[in-house]
Amino acid sequence: MFKAIDNLKSSLPKPLIYTCKVVWFTLLILAIFYFAKRDGSNFGYWDGDRNPKANKNITVDNKIFH
Amino acid sequence: MTDFHRYHLIALVVLAVMSWKLPRQWQMDGVSLFSNVFICWFSPVAAICLLSCTTIVYLISRSKFRRNLWVSIGVIYCTIQFLLIRYLQTYGQGEYFQSLSVLGIAYFTCRHIHYLIEVSKGNIMVNLRQFWYYQSFLPVMVTGPINRYSEFIHEVQRRRWDSKQISIGIEQIIYGYATVIIIGNYLIDQKMVIQISLFEANSIFYGWLESLQHWAYLYAQFSGWSRIAIGFSLVMGIRIAENFNYPFLATSLIEFWQRWHISLSNWCKDYIFAPTIAITRKPFLAIVVGMISIGIWHELSTYYLIWGVYHAIGISGCRLFQKYLSTLKFTINFKGWRFITWLLTMNYIICGQPIISTIDRWIHLYV
């Protein structure tokens, strides 16, 4: 499948590929900012759903940022 | 985004600019200094731990007299400091300890131990400036991967402006943030949770789904942050090895741990598993010690002790089964076999969380 995608990519004109890439990454960045803003502080992992002692308001996540 | 994540992102962008805009001979010094300032600002305890460990490890690495003894003392010092912090984080009383965050201690402890052992083996030429670069590289400092000294220094020495590499790095950063925010926080932590809550609570299937959600979320978060770290490193001209290789495609538990958090698994293999085997000649004991170490690396608690034993049993079971098949001189070679082994592996991993939680609760109730 990956080979087929590579073949398709190489058969397309380069400006079209660059345009698609620019559009794709712009949409992705917009989506990231949209969801990051929407979800507020819910960014890290766990935030104390298993450890009852964990403080939900901590700004640095102990679990992912070991 | 929390304040910390916002500042972390800003700091990494500033670092990326600094790493190319400063005079050539000061670029890595600037990056290391800025990384240290960032750590001091956000986690003074981490800065103190990092400074004490780095100083001791460097002094030991310079010593010529009774080097092996000093290396052992250095490894013990790093380990005790790490365990003490983990203990305070888990069992410490008071609000201070509950919110105590020692940024990157799990990663820099592993890096220090790696450095000490490699110096004692004679594989590393001691150089203060390079050691400082290695210990103060913000992209991998707080979220991993646990990169190796020789590879890192080789990359620092050969780094040059490469627009293709930088563009790949930017792509990795965007994909990393998309994995964390869109897939991890939105799809898995919000949408999937809502779908799961439609099922009957406390049923076996509900527990299984909850565990599946937990692993998927963990994977999205961990792999996302690793991608961000690797991406920013690439933008700075430094290649860092991949940390995840589609772990949920693994067809055995051994393969899973070769694909999940690769840098930690390799570190554990080199500095815990291999020495334990060399001393005891007991591979199964080495597996148990290795997996318990990985468990404690995450958190100093009974949950993670059981977690280590659970995965050690799984890996040992896989090993025994593979050994048994090899003695039969018989290879299973039909199309569905890979699917069956994949299904068994994934279910062993997913079912682990409810099983471990239950045992942990029993221990807390009756012990």
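Letters A, B, ... mirror the listed sequences (proteins, then strands); counts begin at 1. Computed from a prediction, not measured in an experiment: that's the story for all the values here.
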J.: For chain B, find its close neighbours in residues 13-21 of chain A: heavy-atom separation under 4.5 Å, sorted by number, or none.
T.: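 Checking residues 13-21 of chain A against chain B gives A:Lys21.
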J.: Shortest non-hydrogen contact from B:Ala178 to A:Ile32?
T.: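 Distance-wise, the nearest heavy atoms are N-CD1, 3.6 Å.
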J.: Once salt bridge (charged side-chain N to carboxylate O under 4.0 Å, His left out) is applied, what residue pairs with a partner in residues 208-221 of chain B remain, sequence neighbours excluded?
T.: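 Of all non-adjacent pairs touching residues 208-221 of chain B, none passes salt bridge (charged side-chain N to carboxylate O under 4.0 Å, His left out).
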J.: Look up atom CD1 in B:Ile182 and atom CZ in A:Phe35, then write down how far apart they are to the nearest 0.5 Å.
T.: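 The CZ atom of A:Phe35 is 6.0 Å from CD1 of B:Ile182, to the nearest 0.5 Å.
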J.: Kindly compute the distance separating OH (B:Tyr175) from CG (A:Leu28), expressed to the nearest 0.5 Å.
T.: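 If we round to the nearest 0.5 Å, B:Tyr175:OH and A:Leu28:CG are 6.5 Å apart.
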